[in-house]
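Written below as structure tokens is the structure these notes are about.
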Amino acid sequence: MNLSSDQIVFWEYGFIRLNLTLVMTWSIMLLLTLASCVVTRRLSMSIKRSRWQNLLEMIILYIRRQIGEIGLAKPDRYLPFIGTLFIFIAMSTLLTIVPGYMPPTGSLSTTSALAICVFFAVPAFGIREQGVRGYFGAYLRPTVLMLPFNLIGEFSRTLAMAVRLFGNMMSGVMIVAILLSIAPLVVPVLMTLFGLVTGLVQAYIFSVLTAVYISAATKSHEGGKKDQKRQQKTAITPDPGSET
């Protein structure tokens with residue numbers, strides 16, 4: 001019994017290995033690319049729209065609204081990255097209803113890759129909003145002694161994101177596999193439906209955490225700038241009591 005898609009290897013040459021995780025990952029990417037091309041090929045601005053366009057607009061508007069509610073002032077700037085993460089993880093979960101399918105998010109290598117993307121995207125967005133000096137200056141506040149702790153926090157939250165998503169997806173696969181071998185068919189079906197809900201929740205949590213980290217990175221220095229401007233303004237403005 002193979003509980004992880006990493007264990008199913010189709011081709012191997014030296015350290016290069018083509019396993020089921022890579023096949024499923026690229027298959028989902030291809031499926032999403034083809035689906036987006038088909039849906040967006042004939043977009044309509046009129047009242048009469050296709051059901052697929054309506055579904056796509058509902059998903060995009062929902063993700064956009066969630067990004068805005070988290071605190072990012074310009075949701076459209078972060079929508080492509082966060083939306084892609086959510087749709088990819090959600091699709092990886094929804095396809096578990098297909099017989100023989102094993103979600104790539106049930107592999108630690110895939111979840112680590114997603115977490116690493118977030119790890120590099122957060123400073124990229126932060127530097128874009130604040131500049132290099134403004135973003136990395138947040139690691140030195142309130143004192144320089146906080147630098148190692150802030151760096152450890154960056155790496156630890158990346159590891160936590162990867163392990164959390166992997167653990168939840170992998171546990172669902174293991175439970176269904178065990179029940180399939182010892183229980184009637186109806187029990188694994190119910191557990192699969194429960195796994196769908198859990199997987200969608202994990203996709204939502206992963207995307208929300210990404211938005212929260214980006215929000216913190218893009219706003220971490222804004223408070224410092226406002227405080228500096230307020231202090232400068234206070235220093236320039238004379239004290240009314242001093243004139244008397």
Side-chain angles (χ1 to χ4, degrees), residues 21-22 24-45 49-98 101 103-107 109-130 135 154 157-158 160-162 164-166 168-169 195-220:
T21 300
L22 290 176
M24 291 298 179
T25 300
W26 283 94
S27 298
I28 295 174
M29 293 168 58
L30 179 61
L31 177 62
L32 292 176
T33 302
L34 294 177
S36 62
C37 291
V38 172
V39 175
T40 59
R41 183 177 55 182
R42 296 180 179 178
L43 294 178
S44 175
M45 298 296 294
R49 303 177 184 180
S50 65
R51 64 182 64 181
W52 295 110
Q53 181 177 344
N54 290 329
L55 177 62
L56 179 62
E57 290 182 359
M58 289 174 58
I59 296 174
I60 297 302
L61 290 176
Y62 175 78
I63 298 175
R64 186 179 185 275
R65 184 173 66 252
Q66 291 296 318
I67 294 174
E69 291 179 354
I70 288 173
L72 292 171
K74 301 176 181 178
D76 293 337
R77 179 173 296 178
Y78 315 101
L79 179 61
F81 178 70
I82 299 176
T84 300
L85 288 176
F86 174 78
I87 293 175
F88 175 81
I89 299 174
M91 182 59 65
S92 299
T93 301
L94 292 174
L95 289 178
T96 53
I97 61 176
V98 179
Y101 170 82
T105 47
S107 168
S109 59
T110 301
T111 57
S112 298
L114 295 175
I116 291 173
C117 290
V118 177
F119 177 79
F120 286 104
V122 169
F125 285 117
I127 293 173
R128 180 180 179 181
E129 292 290 333
Q130 307 176 34
Y135 173 76
E154 291 289 334
R157 74 184 186 188
T158 301
M161 292 182 72
R164 181 189 297 110
L165 181 59
F166 163 74
N168 285 278
M169 299 303 299
L196 289 177
V197 177
T198 304
L200 292 177
V201 171
Q202 292 304 315
Y204 175 79
I205 293 175
F206 194 94
S207 304
V208 167
L209 288 177
T210 301
V212 170
Y213 295 153
I214 293 176
S215 178
T218 55
K219 292 185 177 181
S220 59

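Just so it is clear, the values below take in all heavy atoms, side chains as well, and ignore hydrogens, waters and symmetry mates.
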Side chain to side chain, [X] and [Y], heavy atoms closer than 4.5 Å:
X	Y	answer
F166	L114	no
L95	M24	no
L32	M91	yes

Going by side chain to side chain donor-acceptor pair (under 3.5 Å), name the residues that satisfy it together with [X], two or more places apart in sequence or in a different chain.
X	result
R157	E154
Y204	Q66
S50	none

S207 (side chain) donor-acceptor with A203 (main chain) under 3.5 angstrom: yes

Do side-chain atoms of Q53 reach the backbone of V39 as a donor and acceptor pair under 3.5 angstrom? no

Partner residues of [X] under the ring pair (Phe, Tyr, Trp, His ring centres under 6.0 Å) criterion, sequence neighbours left out:
X	value
F81	none
Y78	F125
Y213	none

Distance from [X] atom [atom1] to [Y] atom [atom2], nearest 0.5 Å?
X	Y	atom1	atom2	result
Y101	L94	OH	CG	9.0 Å
I28	T33	CD1	OG1	11.5 Å
I67	T210	CD1	OG1	10.0 Å
I63	I82	CD1	CD1	9.0 Å
I214	I70	CD1	CD1	9.5 Å

Test side chain to side chain contact (heavy atoms under 4.5 Å, CB included), reference F206, set V201, I89, T111, T105, output is I89

Apply side-chain contact (heavy atoms from CB on, under 4.5 Å) to [X] and list each qualifying residue two or more places apart in sequence or on a separate chain.
X	value
I116	F120
T25	T21, M29, F88, P104, T110
S36	none

Please report the C-alpha distance between M161 and V118 in whole Å, then the side-chain angles of each, then the deciding distance to 0.1 Å, and finally whether the side-chain contact (heavy atoms from CB on, under 4.5 Å) criterion is met. CA-CA 9 Å; M161 292 182 72; V118 177; 4.1 Å; yes

Provide the closest heavy-atom pair for Y135 versus A217 in the form atom of the first, atom of the second, distance. CE1-CB, 3.7 Å

Please list all pairs passing the salt bridge (charged side-chain N to carboxylate O under 4.0 Å, His left out) test where one or both residues lie in residues 63-73, with sequence neighbours left out. R64-D76

Please name all residues satisfying salt bridge (Lys or Arg N to Asp or Glu O under 4.0 Å) with R77, sequence neighbours left out, ordered by chain then number. E129

